[in-house]
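The structure under discussion appears below in the form of structure tokens.
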Amino acid sequence: MEKVILEEKDAVDWIYRGEGAANLILAYTGSSPAFIGKVLRIQKSQRNGKSGVKEGRALTTHERLLWRENKELTASSDREILEQLYVKHVMSPLLGPKHVDVGIRVFVTKEFLKSVEKNVTCHRPAWRVHSSQVDVNRDSVLILSDHSIFPDGNLTFCWSHVVLINTGSRFITEENAVKRNVIRFRMHQALKLHNQEISEYSEYNPLDLFSGSREGIQKAIEALYATPQNNFRVFLNGSIVFGGLGGGANSTTVQVGEAFEDILKNVIQADNGQRTTSFLQLVAETIYTFGALEQLLEVQKLDTYDIEGAIHAYYNIISQPCIVCRELCKDKLSCRYTSLHSIPLDQSLKIVKDYLIAATAKDCSLMISFRPKEDGRLPSHNTVYLGSTNQAFEYKVYFIDLDLKPLKKMEAYYELDKKIVSCYSQMMKTEPETDKAVTINSNGSVRDQRYTLEDGLFTEGCTGKCK
């Protein structure tokens, strides 16, 4: 397939499926056997003329130093090839090759990309169109299997950005100590609400999803359904039937819930009013049975220094004066931070590389596809049983959106972290409300503190082992 060249006449067969910050995803609707059941990932560029890390050499000088142990990555001269090699050599071994699709490259003409840009613009969210466009200067795109479908139809559940980990790093400053006790997802919600990116808090708590218990996972899936935002989508036979494309939906209204319930009638064999409940049970049982989140969590845990520690190692690597140390008052600049600038270069490289790999794991998505098992047909994939409807489903699981994070983004991560903590701390002072604080202990257990900010009262419980 790598010898295939997609031309202008082929653009009509690719339709908009969705997009993220860096890429557009298109699904194939034509008749070519080579592309049936495939999706195409096209890189985007910013309308302000900036393509960031997508332009120029695949890796900067400092990035080649960071990834020097992998010769294929450092030798790559094309960003698209680099991204593919990163998934293959870094993320796939960590998450399991059976559940990571490396994809293949195919060549494209500029006319093909221009035609795609014209065709998909009306389907993209307005704010996405305003900020980015198809990068027509690329000569290749990535072709992946469409993990939202089985060959003969199915139901697919997709979640993304369900980061759990709080590092508890000793490099977290005292004024930012809230980071040790409050889930980052919750704090980030406060910033998104402040910036009017969302209209209400998500009911989802990552601790439930990563709890390792059926009850906790079920609670998390139900919360994601109630407030999907940009974290929860459902496809039926390749077409989205729940959640937003490119943007997201804040909360599930009665009307949306009724429509989804009706859509499930040909898949979930339950009475009207019970199909959605059964579907959410199916998703939760599959996640519990599969155990994929344990692998994901282990990769997230590579971030042991937190950005407040890793940023110092970053400045060591780029051989520039540490702006963070310069901003800190002398009375706050303890030996904890100054000592980081005395460590060997190899240690700085490991700290930053582990942080960036963990960042990929915190920002990826998981797709789970289901197909009802027919009597007499031998299962070709893993099987899960839904007791409430007495149905068996084949399922497959894939991690997607495993992009390499550029080294320069360390500065943006640090600035975002400051905004998240500042906004949440201000919210606690000015907006009395019921909230949740959690502490991840050194032995891996999770202490769940539910308290009311208005009166300071709280009760403690344990959600179990955080695996």
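These figures come from a predicted structure and were not determined experimentally.
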Quiz item: Say you draw a straight line from OH of Y225 to OG1 of T252; how long is it, rounded to the nearest 0.5 Å?
Solution: 5.0 Å

Practice problem: Find out whether I357 and L94 are in side-chain contact, i.e. whether some heavy atom of one side chain is under 4.5 Å from a heavy atom of the other. | Solution: yes

Self-check item: Sidechain-backbone polar pair: R64 side chain, L59 backbone, donor-acceptor under 3.5 Å
Solution: yes

Practice problem: Quick one: sort the F370 and F393 rings into parallel, tilted or perpendicular, breaks at 30° and 60°. | Solution: perpendicular

Exercise. Taking the side chain as every heavy atom from C-beta outward, state whether T276 and F242 have any atom pair closer than 4.5 Å.
Key: no

Exercise. Please round to the nearest 0.5 Å and tell me the distance separating atom CG of L366 and atom CG of L296.
Key: 8.0 Å

Quiz item: Backbone N or O of S388 within a donor-acceptor pair of the Q281 side chain at under 3.5 Å?
Solution: no

Quiz item: Between CG of L113 and CG of D139, what distance do you get to the nearest 0.5 Å?
Solution: 9.5 Å

Quiz item: Are any side-chain N or O atoms of H99 and backbone N or O atoms of V397, one a donor and one an acceptor, separated by less than 3.5 Å?
Solution: yes

Quiz item: Do we get R105 above F107's six-membered ring, with its NZ or CZ under 6.0 Å from the centre and within 45° of the axis?
Solution: yes

Quiz prompt | Spacing of I217 atom CD1 and I287 atom CD1 [to the nearest 0.5 Å] | solution = 6.5 Å

Self-check item: K219/E215 ion pair, N-O < 4.0 Å
Solution: no

Self-check item: Criterion salt bridge (charged side-chain N to carboxylate O under 4.0 Å, His left out) against R41, the qualifying member of D403, D146, D101
Solution: D403

Quiz item: Do the side chain of S211 and the main chain of S213 share a donor and acceptor less than 3.5 angstrom apart?
Solution: yes

Self-check item: V352 side chain near M410 side chain, heavy-atom distance below 4.5 Å
Solution: yes

Self-check item: Side-chain heavy atoms of Y314 within contact of L407, under 4.5 Å
Solution: yes

Quiz item: Is the NZ or CZ atom of R186 positioned over Y201's six-membered ring, under 6.0 angstrom from the centre and within 45° of the axis?
Solution: yes

Quiz item: Do any N or O atoms from the side chain of Q46 and from the backbone of S132 form a donor-acceptor pair under 3.5 angstrom?
Solution: no

Exercise. Measure across F112 and L6 and return the closest heavy-atom pair with its distance rounded to 0.1 Å.
Key: CB-O, 3.5 Å

Exercise. Check whether any side-chain heavy atom of D10 sits under 4.5 Å from a side-chain heavy atom of Y28, and report yes or no.
Key: no

Exercise. Check for a donor-acceptor pair, side chain of Q391 on one end and backbone N or O of V267 on the other, with a separation under 3.5 Å.
Key: yes

Practice problem: Identify the heavy atoms of D271 and E261 that sit nearest to each other, and give their distance. | Solution: O-OE2, 3.8 Å

Practice problem: Would you mind reporting whether Y315 and E411 have side-chain heavy atoms less than 4.5 Å apart? | Solution: yes

Quiz item: Can the ring centroids of Y204 and F232 be said to lie less than 6.0 angstrom from one another?
Solution: no

Quiz item: Does L282 offer a backbone N or O that forms a donor-acceptor pair with the side chain of T286 under 3.5 Å?
Solution: yes

Quiz item: Pick one: which of E200, Q229, E197 meets side chain to side chain donor-acceptor pair (under 3.5 Å) with Q189?
Solution: Q229

Practice problem: Say whether Y86 and T360, considering side chains only, have a donor N or O and an acceptor N or O under 3.5 Å apart. | Solution: yes

Practice problem: Give the intermediate values and the outcome of salt bridge (charged side-chain N to carboxylate O under 4.0 Å, His left out) for residues K179 and D417. | Solution: CA-CA 10 Å; K179 290 164 60 174; D417 186 73; 2.8 Å; yes

Quiz item: Under 3.5 Å, is there a donor-acceptor pair between the S365 and D401 side chains?
Solution: yes

Quiz item: Can you list every pair that meets salt bridge (Lys or Arg N to Asp or Glu O under 4.0 Å) and has a residue in residues 384-393, with sequence neighbours left out?
Solution: none

Exercise. Could you pull out the closest heavy-atom pair between K301 and T304, with the gap in Å?
Key: O-CG2, 3.2 Å

Quiz prompt | Test item: E19 side-chain N/O and I25 main-chain N/O as donor-acceptor pair under 3.5 Å | solution = no

Quiz item: Under a 4.5 Å cut-off applied to non-hydrogen side-chain atoms, are H62 and K408 in contact?
Solution: no

Quiz prompt | Geometric cation-pi criterion K362 and Y355, 6.0 Å radius, 45° cone | solution = yes

Exercise. Sort out for me which residue in K44, R47, R124, R128 forms a side chain to side chain donor-acceptor pair (under 3.5 Å) with Q133.
Key: R47

Quiz item: Does the side chain of N316 pick up a donor-acceptor pair with the side chain of S348 at under 3.5 Å?
Solution: yes

Self-check item: Spacing of CD belonging to E394 relative to NZ belonging to K373, to within rounding of 0.5 Å
Solution: 7.0 Å

